[in-house]
Amino acid sequence: MQPFRRSAQRPAGHLVGFRAILTAVGMGSSLLPERRPATLPGDDRNRAERKYLRFAAVGIQYTLTILLLTLFGIWLDGRLGTGWLFTLVLLLLAFVGATLSLIHQVLGPDDPSKKK
């Protein structure tokens, strides 16, 4: 029994040698153009990623604001014995404040120097 022969397969880097031959002849750039990573028109990849990175924590901030103020309202109602008064007031305050902050962060100016 003969072991499996791999000599019939092409080596993994067979195009590298072909590209080197074409480049030496002067035809490499027209036949096999260099691959470049996709980017946004007129913008480099890092700059585009940084533009949207500021939105990464918006959801966490929104949730934590509402959660912490609601928990504080529950604790305050327990200490003062006021029922649900402070819980509802702080919940509504947290919702309005977090929503306004969310709108300001998402629809605000992109350039930090334009912020007031």
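The residues of the chain are indexed from 1 along the displayed sequence.
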The criterion is side-chain hydrogen bond (donor to acceptor under 3.5 Å, both in side chains); which residues satisfy it with T87, sequence neighbours excluded? D77
Please write out which residues are connected to L100 in a hydrophobic cluster, directly or through intermediates, given that two of Ile, Leu, Val, Met, Phe, Trp, Tyr count as joined at side-chain heavy-atom separations below 4.5 angstrom. V96
Between CG on residue L76 and CG on residue L71, distance to nearest 0.5 Å: 12.5 Å
Qualifying residues under side chain to side chain contact (heavy atoms under 4.5 Å, CB included), relative to L93, sequence neighbours excluded: L90
Dump the intermediate steps for side-chain contact (heavy atoms from CB on, under 4.5 Å) on L102 and V58, then the final yes or no. CA-CA 7 Å; L102 174 84; V58 170; 2.7 Å; yes
Residue list, side chain to side chain contact (heavy atoms under 4.5 Å, CB included) with V89, at least two apart or on another chain: L85
Where at least one partner belongs to residues 62-72, residue pairs that pass side-chain hydrogen bond (donor to acceptor under 3.5 Å, both in side chains), sequence neighbours excluded: Y62-T99
Looking at side-chain heavy atoms only, is the closest gap between I66 and L91 below 4.5 Å? yes
Quick one: ring-ring contact (aromatic ring centres under 6.0 Å, His included) pairs with a partner in residues 79-103, sequence neighbours left out? none
